[in-house]
Amino acid sequence: MSDDAPAGLDFIRQIIADDNASGKHDGRVVTRFPPEPNGFLHIGHAKSVCLNFGVAEENNGRCFLRFDDTNPLKEDQDFVDAIEADVRWLGYDWEDRLTHASDYYEDLYNCAVQLIEAGKAYVDSQTPDEIRATRGTLTEPGQNSPHRERPAAESLDLFQRMRAGEFADGELVLRAKINMASPNINLRDPIIFRIRHAAHQRTGDKWCIYPMYDFAHTISDALEGITHSLCTLEFEDHRPLYDWILDQLTLPHRPRQIEFSRLNVAYMITSKRRLAELIDIGQVGGWDDPRMPTIAGLRRRGYPAAALRDFCSRVGVTKKDHLIEMALLETCVRENLNEDAPRAMAVLDPVKLVLTNYPADQVEMMTAANHPQRGELGEREVPFGRELWIERDDFMEDPPKKFFRLKPGGEVRLRNAYIIRCDEVVKGEDGNVTELRCTYDADTRSGLPGASRKVKGTIHWVSAAHAVSAPVRLYDRLFTVPRPDMDKSGRDFKDFLNPESLQEMPAAKLEPVLGDAAAGAVYQFERTGYFVADSQDSQPGAPVFNRVVTLRDTWAKLEQAALQELGNA
RNA sequence: UGGGGUGUAGCCAAGUGGUAAGGCAACGGGUUUUGAUCCCGUCAUUCGCAGGUUCGAUUCCUGCCACCCCAGCCA
């Protein structure tokens, strides 16, 4: 995926390489990506997808896409479909290895029976409150359940009747018998099966008892022959339970769990619960809103899958808590898009410019390259006339030093066309510029010898007579602080929403080719950024554009530095 | 004050007993009809802190400090 010189293997790939060298699994590498279908995948999942599928690919191994569907109350087939689409879009293929924890419900039940018969699990009749109250705290041990020593035969009978539907939700629970005094709370007789009279999206009403994560996940790993079960750090203290389960049961294979730190990107949140909340309150349009950190959102935003893969690879895999700067993600996107995106001109915030010495009825077709570095991408004709739209930002009446764009009496090049001079500034009642009256230098048309005359600035434009109008949306970060979910003062993440995360440009004027942009097509609007024709809202001949990312902008940086200077003075 | 983790530049991240890779960012310079791209250069006498072992430590030992995770019949 990356052609960069390999910087040593990350610790997981190192473990795998060592296992391969020692012949631990006869050289087999089997991994799995195990999402719960209770929401859309986000950028953090992308890291896990790339790791699990990537590591398998690199070692001629296999990777399962396994849905961890053990909680019918929260899960939904729509999420299953979305997750499959996202993984596929990211560029990975699970071939025939699409599985579900629910595929193993019968095995899981049998494993539970095995545990009960071995005296390693018991049915507890305590209420949820009692169980919570006797679990102890971080510093105090828990107390044994009064039913802990219930005879195996009795537990077995109760467990069978739990399955048969004789009890209500919460009435009974199956617990592993480990150690209520363990300093690791996960080992204090964890619940492994609970009653839930709820229809499951795959098994329907067949079951009314459902396994808990630790039990289902561990055994699913073993049944699938997973060699390296990669998960995030918060499961680190579940590993003793994972290993305990493997120790008690007769399973065909012994997987190993390895934990790595989850991906955190500044100004983003990756909590499905919180993302769902943003949708509920109407802050965003849905899971695929272009501002969402979901795979679907990033895709709709115009981020290429290859850029996401590159990002995950550049971020690395460690056990360190980190906060990746957005700049890295944006660099990956720009690098990818710069390669292939055809260039075009679009004026986002237009102001009228009239060439007073240009014939009113004349139209010239200007030749423009579709890519400055890749001639093979061809050229196109762009109509030019007496009245043009230019970017409001590209004119300043009283500019600072080093402003290379248009100013009264100043010259600038119109990209792919002529050098012009600004003669007159027309303003409205409110003092805003309504029109710039300029003259063009006929000798300086692009391609003509006179074009070699140097002027400091080049600006983009669109012929007013030929302009296509289209909605353009500018997106910015959803939050105003790097860690909206980690506020020390206890404020809610919603308190940090960026009111300017979406800015609509209703008057944008595009050059004609852009009017035919196909949904999903990405262009570089020269000097402003990369834009994608929205996959949902674009109609044939009537595109709606989303800004993917801005171009790197040295001028904006200078301006900001100047402002900072003023502020400090 | 229990248990489990983690601490290498602004942000990531290699290195794990022999004297600090690489990327992003930043900053300088060159090319440029995108202030884009591209190219060149600069950017840790130092590896959370304090001791110790050693000819020599980011790497080994001891102590301390900081941060993250865990008390769902969620995953």
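Comparing C24(B), G7(B), A14(B) against the side chain of Asp10(A) picks out A14(B) as the nearest.
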Short N/O separations, protein against nucleotides 68-71 of chain B, under 3.5 angstrom:
unit_1 : atom_1 : unit_2    : atom_2 : d
C68(B) : OP1    : Lys488(A) : NZ     : 2.6
C68(B) : O4'    : Asp321(A) : OD2    : 3.2
C68(B) : O2'    : Asp321(A) : OD2    : 3.3
A71(B) : O2'    : Arg135(A) : NE     : 3.3

Are there any protein N/O atoms within less than 3.5 Å of an N/O atom in nucleotides 32-35 of chain B, and if so, which ones and at what distance?
unit_1 : atom_1 : unit_2    : atom_2 : d
U33(B) : OP2    : Lys454(A) : NZ     : 3.2
U33(B) : O2'    : Arg415(A) : NE     : 3.2
U33(B) : O2'    : Arg415(A) : NH2    : 2.4
U33(B) : O2     : Asn416(A) : N      : 3.0
U33(B) : N3     : Arg413(A) : NH1    : 3.4
U33(B) : N3     : Ser446(A) : OG     : 2.4
U33(B) : O4     : Arg413(A) : NH1    : 3.2
U33(B) : O4     : Ser446(A) : N      : 3.2
U33(B) : O4     : Ser446(A) : OG     : 2.0
U34(B) : O2     : Gln524(A) : OE1    : 2.9
U34(B) : O2     : Arg527(A) : N      : 2.9
U34(B) : N3     : Gln524(A) : OE1    : 2.5
U34(B) : N3     : Glu526(A) : OE2    : 3.4
U34(B) : O4     : Arg343(A) : NH1    : 2.5
G35(B) : OP1    : Arg527(A) : NH1    : 3.1
G35(B) : O2'    : Thr554(A) : N      : 3.4
G35(B) : O2'    : Thr554(A) : OG1    : 3.3
G35(B) : O2'    : Trp555(A) : N      : 3.4
G35(B) : N7     : Arg405(A) : NH1    : 2.6
G35(B) : O6     : Phe404(A) : N      : 3.0
G35(B) : N1     : Lys402(A) : O      : 2.7
G35(B) : N2     : Lys402(A) : O      : 3.2

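Separation of the Phe311(A) and Tyr303(A) ring centroids does not fall under the 6.0 Å cut-off. Between Phe525(A) and His460(A), the distance from one ring center to the other does not fall under 6.0 angstrom.
The residue Thr318(A) sits close only to the backbone: its heavy atoms come under 4.0 Å of sugar-phosphate atoms, none of a base. Heavy atoms of Lys320(A) sit under 4.0 angstrom from at least one base atom. Heavy atoms of Thr127(A) sit under 4.0 angstrom from at least one base atom. Within the 4.0 angstrom heavy-atom criterion, no nucleotide atom of any strand lies near Met345(A).
Under 4.0 Å is where a charged nitrogen must lie from a carboxylate oxygen, and between Asp189(A) and Arg148(A) at least one such pair does.
Classification of the Phe545(A)-Tyr523(A) ring pair by plane angle, with boundaries at 30° and 60°, yields perpendicular. Tyr242(A) and His217(A) have tilted rings, their planes meeting at an angle from 30° to 60° on a 0 to 90° scale.
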Intermediate values then yes/no, ring pair (Phe, Tyr, Trp, His ring centres under 6.0 Å), Phe159(A) and Tyr109(A): CA-CA 9 Å; Phe159(A) 187 53; Tyr109(A) 178 83; 4.9 Å; yes
Check against ring pair (Phe, Tyr, Trp, His ring centres under 6.0 Å), Phe404(A) and Trp555(A): CA-CA 10 Å; Phe404(A) 301 153; Trp555(A) 172 245; 7.1 Å; no
Intermediate values then yes/no, salt bridge (Lys or Arg N to Asp or Glu O under 4.0 Å), Glu335(A) and Arg314(A): CA-CA 13 Å; Glu335(A) 277 185 15; Arg314(A) 292 211 218 182; 2.6 Å; yes
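Residue Ile191(A) contributes atom CD1, which lies 10 Å from atom P of G72(B) at whole-angstrom precision. Rounding to whole angstrom units, CG of residue Leu263(A) and P of A13(B) are separated by 10 Å. Atoms NZ (Lys272(A)) and P (G72(B)) sit 20 Å apart, rounded to a whole Å.
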Strand RNA chain B in bracket notation, Watson-Crick/G-U under 3.5 Å with | for pairs to another chain: .(((((((.[[[..)..(...]]].(((((.......))))).....[[[[[..)....]]]]])))))).....
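The side-chain tip of Arg196(A) does not point at the ring of Tyr210(A) from less than 6.0 angstrom away and within 45° of straight on.
For G10(B), the base has a donor-acceptor partner in the side chain of Glu325(A) [N/O atoms by modelled type, under 3.5 angstrom].
Between Arg196(A) and Thr331(A), the residue whose closest nucleotide on RNA chain B is further toward the 5' end is Thr331(A). Residues Thr139(A) and Val317(A) each lie close to RNA chain B; by heavy-atom proximity, the contact nearer the 5' end of the strand is made by Thr139(A).
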